[in-house]
Amino acid sequence: MPRSRRKSAVGTIQSTAQEVLQEDYDKAKILVADAAKSRAYLYPVKGFFYFVTRPSIWKPFAAQIGPYLLLSITIVLALFFFTYLPQLAVLVFVNGPLAVFTTVVLILSESATLTNLISRNWLLHDALIDTFDGTLVSRNATAIVEEGRELKPGSTAMERLGNIIKTPLERFSVKSIVRYVMYLPLNFIPVIGTVMFLVLQGRARGKIIHVRYFQLKRWPESRQSDWLRIHVAPYTAFGLVATLLEMIPFLSILFAFTNTVGAALWAADIEANQLSMALDDISAANGKGSKGSAKKTD
């Protein structure tokens, strides 16, 4: 190939790469702006303070704290003992001195994922449903809770919870595990790779925080997908903060419950503010691009 044609081809590739980077950068700026406007990232913090100041909703948490801590401690110690040095040996080649930090972050993420996988499927499943529903009841959102379970007389929100009459909260899917494994290699990219990994984990986490709420709303999967697509920035922001909190060793059970409370508070605010979630509004939002996710949701 003549030198002039090679230069032209290289120039075209460089120009295309710059365009793609600029497009992705512009999209990222819009998502960050939408997330900031929504203030959804505050709900995990609100959930923490709401939870710790209301002992009346502690019952499901108190019943599971012992078994969960035992499970969490076992998994964290086992991963650090068996996998820290091997993973450090690999990451040091790409992250240099920062590998000491990025390996710890990676192992904490791995332990949090394993702990959540096991606990949410068998240990905390019903307790988190009760916490979500109980928080909605405490916020006087009883009408929507009655769509999924019986309510009975009682002096506290938890005492009012009766039998569940609708399919319980969705459990961890195989896709979430496959997605997690696929994203793991990002940690080989110094600093930015770990950040990208956490953001992607946060986005995946955000997609499941309102599964129970959508269930109570009787939304089909297609409608849920439309809502999440339009409001991807707020849900990613919530999911990122929730993921970071649940990565804290031995306190992850507390934050699993407070994040559930935060998700319920967000759902209660959506109900109280009477935000339109009709399909025709979703269609209208499609024509406005990302503006739909900038609606006030707290």
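- Under a 4.0 Å N-O distance rule, the pair Arg160/Glu146 does not qualify as a salt bridge.
- A salt bridge is absent between Arg223 and Asp226: the closest approach of a Lys/Arg side-chain nitrogen to an acidic carboxylate oxygen does not fall below 4.0 angstrom.
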Exercise for the section: Give the intermediate values and the outcome of side-chain contact (heavy atoms from CB on, under 4.5 Å) for residues Ser119 and Leu71. Expected result: CA-CA 8 Å; Ser119 63; Leu71 173 66; 4.2 Å; yes
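- Side-chain N/O atoms of Glu110 and Gln87 include a donor and acceptor closer than 3.5 Å.
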Practice task
Go through Trp227 and His210 one step at a time and tell me if the ring-ring contact (aromatic ring centres under 6.0 Å, His included) criterion holds.
Solution key: CA-CA 11 Å; Trp227 174 258; His210 272 165; 8.7 Å; no
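- Geometrically, Arg212 does not engage Phe214 in a cation-pi contact, judged by NZ or CZ lying under 6.0 Å from the ring centre and within 45° of the ring axis.
- Atom-to-atom distance recorded for Ser109:OG and Leu198:CG is 6.5 Å, nearest 0.5 angstrom.
- For the pair Trp266 and Pro234, the minimum side-chain heavy-atom distance is below 4.5 Å.
- Here the straight-line distance linking atom CZ of Phe82 with atom CG of Leu77 works out to 10.5 Å at 0.5 Å rounding.
- Salt bridge Arg149/Asp130: present, at least one basic N to carboxylate O contact under 4.0 Å.
- The existence of a salt bridge linking Glu271 and Arg139 is excluded, since no basic side-chain nitrogen approaches an acidic carboxylate oxygen closer than 4.0 Å.
- Remark: Lys46 is positioned above the aromatic ring of Tyr43, its terminal NZ or CZ atom under 6.0 angstrom from the ring centre and at most 45 degrees off the axis.
- Tyr68 and Thr115 share no side-chain donor-acceptor pair at under 3.5 Å.
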Handout entry: Candidate pair Thr135 and Phe51, rule side-chain contact (heavy atoms from CB on, under 4.5 Å), full reasoning
Key = CA-CA 9 Å; Thr135 301; Phe51 181 83; over 6 Å; no
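- Between the side chains of Thr258 and Tyr50, no donor N or O sits under 3.5 Å from an acceptor N or O.
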